[in-house]
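Worksheet for the structure shown next.
Remember, it's a predicted structure, so these values are computed and weren't measured experimentally. In what follows, chains are A, B, ... by sequence order, proteins preceding strands, each numbered from 1.
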Number of protein chains: 2
Amino acid sequence: MARPSTPKLSRAAIATAALALVDRSGEFTMPALATALGVSPSSLYNHVGSKADIVELMRGEAMSAIRLPALPDPLPDRLPDGGSPPAAGDQDWMAVLRGIAIGYLDSYARHPRLIPLLTAYTVRDATTLRVYDAMARAFAAGGYGPAATLRAVTILDSFILGSALDAAAPTVVWEADEAASREFTEALAAGLGEPQRARRAFLEGLDLILGGFAARAGESF
Amino acid sequence: MARPSTPKLSRAAIATAALALVDRSGEFTMPALATALGVSPSSLYNHVGSKADIVELMRGEAMSAIRLPALPDPLPDRLPDGGSPPAAGDQDWMAVLRGIAIGYLDSYARHPRLIPLLTAYTVRDATTLRVYDAMARAFAAGGYGPAATLRAVTILDSFILGSALDAAAPTVVWEADEAASREFTEALAAGLGEPQRARRAFLEGLDLILGGFAARAGESF
DNA sequence: ACCTGAACACCGTTCAAGT
DNA sequence: ACCTGAACACCGTTCAAGT
């Protein structure tokens with residue numbers, strides 16, 4: 001029973017099983033993963049280099065669900081092919097950014113217990129890079145210069161990741177203690193029950209940020 | 001050499017040494033901490049219940065540096081004491097929020113390697129609660145109702161935490177690969193060298209968000 | 001090429017034993 | 001009350017051995 005004729009493992013199978021394990025139990029250890037795959041822990045090392053490697057696989061798996069809006073690739077190319085006007089339409093790239101941001105958050109939200117795991121490792125995932133790329137193209141389409149584009153992408157990324165964390169493992173045990181003010185206590189009482197609380201806050205914050213970007217799009221930078 | 005006449009350990013000493021260890025090496029294990037304290041690992045359990053307990057101590061330690069603006073406590077109380085007008089001044093609570101947010105981020109930023117550790121545990125720290133409380137009071141002072149206040153605090157918290165993470169462990173190995181667009185490549189080239197890159201992005205995003213809040217303060221919610 | 005089992009150097013935590 | 005040392009059940013990873 002040493003080497004089976006058809007391999008029991010593959011990187012894809014490991015990624016899927018690992019993500020399912022994290023989703024289900026929140027834990028992620030090599031023995032637990034091996035058990036889920038019906039294999040011995042040391043077998044995993046025939047396909048991955050380390051535990052961190054598997055975390056990267058899970059990141060890719062989680063992000064693969066993103067549907068990036070089909071943005072014309074070398075953006076200027078669409079001008080000569082007739083028809084539509086220069087498409088300065090601010091609505092365009094704002095809507096694109098909104099779509100990307102929401103898709104990005106949803107990818108996280110589908111795997112809440114994965115998020116704290118991701119922050120412990122450094123990213124090196126191609127799909128995530130493509131998300132940033134799409135955002136950068138959208139800002140460029142909105143007239144942002146290179147440096148402003150990078151800051152803008154950073155801002156969006158920070159807010160999205162923070163929102164995902166907030167939703168996944170509430171950063172506060174939302175519970176007013178004896179020292180809490182009336183204002184805070186009332187806010188908790190009013191908001192905590194709300195069903196889509198975290199998501200509604202995200203959407204509101206996203207619109208705040210995008211609104212700010214749109215307002216600045218006219219200025220020089 | 002069993003029990004010394006004067007205790008070698010205390011919760012405070014453990015908190016300080018743990019934070020110093022994380023700041024210096026990024027690692028955090030009980031044996032390493034014990035060595036740093038000149039003590040055996042099992043001794044720690046006379047003062048803390050678990051490793052998670054120590055993480056909470058570190059969170060408190062990191063947050064204790066925050067200077068919360070002295071906001072009049074039961075806010076309405078300052079009206080009758082004469083002098084200043086009702087102080088509808090939007091500038092007031094916006095400036096207060098800005099100060100809190102920056103202080104909050106700086107507390108994180110001073111201990112970048114602590115941040116990923118924090119996200120793996122659930123918060124139960126009194127100082128952090130006080131930060132939220134101060135934010136809630138500021139929004140209430142700005143005319144926000146309870147539910148809107150909770151969403152607003154959530155938005156700020158998410159952005160701050162996300163920014164801290166982004167700054168601490170760059171969420172992307174910021175490196176354009178072969179599939180990167182011209183826009184993204186240029187943005188990276190223009191922005192990556194910038195000295196205070198992460199902090200400038202944070203300040204810009206913060207102003208975007210606060211600006212949005214200020215603009216909405218007049219509406220009904 | 002790919003799985004197994006034994007082995008290594010760790011880890012967090014418990015607990016009797018000491019003072 | 002508080003520190004020690006031994007012990008327990010883990011963990012990630014390596015590697016010779018098998019096919």
Closest approach to the side chain of [X], judged atom by atom: which nucleotide of [options] is it?
| X | options | answer |
| --- | --- | --- |
| Pro31(A) | dG12(D), dT13(D), dC3(C) | dG12(D) |
| Lys51(A) | dC2(C), dG12(D), dG5(C) | dG12(D) |
| Pro41(B) | dT13(D), dC2(D), dT13(C) | dT13(C) |
| Tyr45(A) | dT4(D), dT4(C), dT13(D) | dT13(D) |

Can you tell me how far [atom2] of [N] sits from [atom1] of [X], to the nearest Å?
| X | N | atom1 | atom2 | answer |
| --- | --- | --- | --- | --- |
| Glu27(A) | dC11(C) | CD | P | 20 Å |
| Leu9(B) | dT4(D) | CG | C1' | 12 Å |
| Leu37(A) | dT4(C) | CG | P | 11 Å |
| Met30(A) | dC10(C) | CE | P | 19 Å |
| Leu44(A) | dC11(D) | CG | P | 13 Å |
| Asp53(A) | dG12(D) | CG | P | 14 Å |
| Phe28(B) | dT13(C) | CZ | C1' | 13 Å |
| Asn46(A) | dG18(D) | CG | C1' | 13 Å |

* Counting only distance, no hydrogens or angles, is the base of dG5(C) paired donor-acceptor with the side chain of Ser42(A) under 3.5 Å? -> yes

* Asked: Taking side chain as C-beta onward, heavy atoms only, is Met135(B) less than 4.5 Å from Asp157(B)?
  -> no

* Min side-chain heavy-atom separation Leu68(A)-Asp133(A) under 4.5 Å -> no

* Structure fact -> In short, Met63(A) meets Thr128(A) closest at the heavy-atom pair CG-OG1, 3.7 Å

* Is there a side-chain contact (heavy atoms from CB on, under 4.5 Å) between Phe202(A) and Thr154(B) once you walk through the steps? -> CA-CA 8 Å; Phe202(A) 168 72; Thr154(B) 301; over 6 Å; no

* Remember a base hit wins even if backbone is also touched, and classify Thr29(A) as base, sugar-phosphate or nothing at under 4.0 Å, heavy atoms. => sugar-phosphate

* Asked: Does Arg98(A) come within less than 4.0 Å of Asp207(A), counting only side-chain N to carboxylate O?
  -> yes

* Asked: Taking OP1 and OP2 of dT4(C), is either one under 4.0 Å from a side-chain nitrogen or oxygen of Ser43(A)?
  -> yes

* Can you check whether His47(B) has a side-chain N or O nearer than 4.0 Å to OP1 or OP2 of dC3(D)? -> yes

* Once you apply the 3.5 Å cut-off to both distances, tell me the Watson-Crick or G-U wobble partner of dG12(D), or none. => dC8(C)

* To do: Using Watson-Crick or G-U wobble geometry with both distances below 3.5 Å, tell me the partner of dC2(C), or none.
  => dG18(D)

